[in-house]
There are 4 protein chains.
Amino acid sequence: MSSKPLRADARRNRERILAAAEEVFGRRGTSASTEEVAATAGVAIGTVFRHFPTKQDLLSAIVKELLTRLTAEVTELTSADPTTALFDFFAGVVEQAAAKKSVVDLLAAGGIEVGVAEPLATLRDAIGALLTQAQQANAVREGVRLDEVMALLTATAQGALHGGWDDDLRRRTQEVIFAGLRP
Amino acid sequence: MSSKPLRADARRNRERILAAAEEVFGRRGTSASTEEVAATAGVAIGTVFRHFPTKQDLLSAIVKELLTRLTAEVTELTSADPTTALFDFFAGVVEQAAAKKSVVDLLAAGGIEVGVAEPLATLRDAIGALLTQAQQANAVREGVRLDEVMALLTATAQGALHGGWDDDLRRRTQEVIFAGLRP
Amino acid sequence: MSSKPLRADARRNRERILAAAEEVFGRRGTSASTEEVAATAGVAIGTVFRHFPTKQDLLSAIVKELLTRLTAEVTELTSADPTTALFDFFAGVVEQAAAKKSVVDLLAAGGIEVGVAEPLATLRDAIGALLTQAQQANAVREGVRLDEVMALLTATAQGALHGGWDDDLRRRTQEVIFAGLRP
Amino acid sequence: MSSKPLRADARRNRERILAAAEEVFGRRGTSASTEEVAATAGVAIGTVFRHFPTKQDLLSAIVKELLTRLTAEVTELTSADPTTALFDFFAGVVEQAAAKKSVVDLLAAGGIEVGVAEPLATLRDAIGALLTQAQQANAVREGVRLDEVMALLTATAQGALHGGWDDDLRRRTQEVIFAGLRP
DNA sequence: AATGAATGAGGCTTCATTCAT
DNA sequence: TATGAATGAAGCCTCATTCAT
């Protein structure tokens, strides 16, 4: 899928830029400037644009990374206790969200941007598997659909992030949702 | 609190600007230009800045209005059926959110902007009353606190908005939360 | 045709910008920066963009002005001696060209840019009238068409400009063309 | 004149770059990017700059090549029919121009760039010989000087190029000029 | 008080050129 | 020598805010 392997220094820079972008957009939101990302990464502005020809591309790259990471987590959980797997994952995402900003901005925006659609669908499927398992284990009510689980997940993630919830509030809020999901 | 009473035409303009701002920011998000707000209001850009010295001020004003409106709704509901009042209100807010954009952006941002803190506290209190009533009527579990109700409310409102949920998804998502709130 | 009349200061600026643009693009070619035009006009960069939302728009405006001016000249000549009118006009344009750069760049580019097409057609028609008169006065050979007159005109104008021809060379070059046009 | 002889592969690269540059600048004008030239040549950008330390140098090299080629053509024609040689050459150049872009841009710019002056003078001399021959064969009027022939040539070449003249218009336009040159 | 033109900092992006590999 | 990544100045354009009318 990926074209020619990057030179060592190029890959190093690419990663520094991605990290910087996650940091900066996470702190300041997606309206932070590309210039600030470059500065944080310790490279010149041109270097950012060589790796990501557009600001949008940079944002997409971050989101893709996140989605891939989340999908991996879900996949791991598929072989865990079905009674708690979905809840654990849900809680994990919400916890992470509290540290990101851009990511949630974008997920919330519907992930409409080109190229994000696919990894997003993959994640969705993975979570669907978790839900099915949970329902078969009678940990989640039959009537619940994947749609609302995803909706609750993103909504709560956004809330956790933008609202600046502390650990306790996060737990209590989730508890209501988990109670609502249980049979 | 408010300085000298405005001239009739000035007040009229103020209101047209607020309405335009709600419309524009609701449609385009908070990054829409003040110029567009002015155009929609049918006034010159200078007039907007005379009434709201800063874009931030304009945004704050919208949020304040919304909070005031919501508080009024809650207060009315205080004399309604305690079993459903909280749920009705919750559902109402989420429904409105689906039509606004700016408002939720801002609420989500923590309502940090100067001057919004107070009306937000007022709204919070009003909702608190609703919650107490509901618990006394045994419609909501005892352990639930106002904190998480507020958290769920804003999170869901945001989700409804940014996620572009349709009516059905909105209902199903709320149903999970309501189930989680019930005893 | 023109929308609301500009405020006095706005019109003044608009004209200063146009003049500056003609000067700058005339000296440096169309690749000169809008920033330099602004500086030359003594206004801020934003002012240039308020009057001409795009660099293209600014360039088009200059060309339109020129075409309008030329058309006026041609129209005047229509009531002059048909034996010399066309030649006089031709010579006049070529002489002016030696002082412009942008204009010729653009005319040469085919005047394709939106909005220039119409005044260009008008000019063409006016020159067509001159040609017909000249042919009726037996000053130009019958077989000659407007197409090649226009072609020779722009080509020579370009040459005069870019080639940096002096007055003598300009005259001698034209004389060849004029001899070619005569019966 | 030229320093140390290039290694075989280096010379090969130099030629591929020149060819690519002619193609690219001919198609896109002199504002095309050096990067695109490199890509077309199938070499890395650094290689282009090793051979031509400056974009200007690359452009000059192309022009020199063209001038040399044209001079060769003229020299050949010196032993052809003096009645038609000059006209044939003139027509040939104009025809080529319609396919190039950069070249004419540069010739038009006065060939000011360092190093082009000399081959340009050579070409001029060669054409001068053609003119003399034509005048001796009574195919061109006595009074005509080389200056205006060169001027007409470049002007028409530019016109043919930028104006996008079709074959017919090109022929008709030249015919006027040729008629003007004849006794 | 309203108007709308002017300001100018700041954002995104391109590209000639340099330099480490 | 070739490669191609990095640099950073410079260009175009937007928009919050100020100020003359």
Side-chain angles (χ1 to χ4, degrees), chain A residues 4 6-14 17 31-38 41-58, chain B residues 6-14 31-39 42-58, chain C residues 4 6-14 17 31-36 38 41-58, chain D residues 6-10 13 31-39 42-58:
Chain A
K4 49 189 111 162
L6 291 174
R7 239 165 60 179
D9 56 344
R11 180 159 52 254
R12 195 163 46 248
N13 270 341
R14 193 193 143 88
I17 291 169
S31 69
S33 84
T34 312
E35 205 90 38
E36 187 175 349
V37 171
V43 301
I45 182 67
T47 304
V48 174
F49 279 92
R50 160 170 274 265
H51 287 280
F52 307 94
T54 281
K55 186 177 181 178
Q56 218 9 268
D57 292 337
L58 179 52
Chain B
L6 293 171
R7 253 169 45 180
D9 58 341
R11 180 159 53 255
R12 196 164 44 247
N13 269 343
R14 194 191 142 87
S31 69
S33 84
T34 312
E35 194 86 38
E36 188 176 347
V37 171
V43 301
I45 183 69
T47 304
V48 174
F49 277 90
R50 162 168 282 268
H51 286 281
F52 306 93
T54 281
K55 187 180 183 179
Q56 211 23 259
D57 292 335
L58 178 53
Chain C
K4 49 190 116 168
L6 290 174
R7 238 165 61 179
D9 57 343
R11 181 158 53 252
R12 197 163 44 249
N13 270 342
R14 194 193 142 88
I17 292 169
S31 69
S33 84
T34 310
E35 206 89 39
E36 187 176 348
V43 301
I45 182 67
T47 303
V48 174
F49 279 94
R50 159 172 275 266
H51 286 280
F52 307 94
T54 281
K55 187 179 180 176
Q56 220 5 270
D57 291 336
L58 179 52
Chain D
L6 293 172
R7 256 169 44 180
D9 58 341
N13 270 344
S31 69
S33 85
T34 311
E35 193 86 38
E36 188 176 347
V37 171
V43 302
I45 182 69
T47 304
V48 174
F49 276 90
R50 161 168 283 270
H51 286 281
F52 306 93
T54 280
K55 188 181 182 176
Q56 210 26 256
D57 292 334
L58 179 53

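Letters A, B, ... are given to chains in the order of the sequence lines, protein chains preceding strands, and every chain is numbered from 1. In this text, all values refer to a predicted model and were calculated from it rather than measured experimentally. Just so it is clear, the values below take in all heavy atoms, side chains as well, and ignore hydrogens, waters and symmetry mates.
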Quiz item: Can you name the one residue among C/Ile17, C/Thr54, C/Ile45 that meets side chain to side chain contact (heavy atoms under 4.5 Å, CB included) with C/Thr34?
Solution: C/Ile45
Self-check item: Of the listed nucleotides F/dT3, F/dT7, E/dA5, the one nearest the side chain of C/Arg50
Solution: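 Minimum distance to the C/Arg50 side chain belongs to E/dA5.
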Quiz item: Starting at the 5' end of DNA chain E, which residue's closest nucleotide do you reach first, B/Ala44 or C/Gly42?
Solution: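 Its nearest nucleotide lies further toward 5', so the answer is B/Ala44.
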Exercise. Produce a footprint string for nucleotides 13-21 of chain F: one letter per nucleotide, 5' end first; B if the base is under 4.0 Å from any protein heavy atom, S if only the sugar-phosphate is, - if neither.
Key: BB-SBB---
Practice problem: Using only side-chain N and O atoms of B/His51, determine if any of them is under 4.0 Å from OP1 or OP2 of E/dA1. | Solution: no
Quiz item: Would one find a side-chain N or O of D/Asn13 under 4.0 angstrom from OP1 or OP2 of F/dA2?
Solution: yes
Quiz prompt | Between NE2 on residue C/His51 and CG on residue C/Asn13, distance to nearest 0.5 Å | solution = 5.0 Å
Exercise. Might you point out which heavy atoms bring C/Val48 and C/Ala38 nearest each other, and give the distance in Å?
Key: CG2-CB, 3.6 Å
Exercise. Grab the two heavy atoms, one from B/Arg14 and one from B/Phe52, that are nearest each other, plus how far apart they are.
Key: NH1-CE2, 3.6 Å
Self-check item: Partner residues of D/Asp57 under the side chain to side chain donor-acceptor pair (under 3.5 Å) criterion, sequence neighbours left out
Solution: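 Checked D/Asp57 against side chain to side chain donor-acceptor pair (under 3.5 Å); zero matches.
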Quiz item: Pairing of DNA chain E as dot-bracket, 5' to 3': ( ) intra-strand, [ ] crossing, | other strand, . unpaired, with Watson-Crick or G-U pairs under 3.5 Å?
Solution: .||||||||||||||||||||
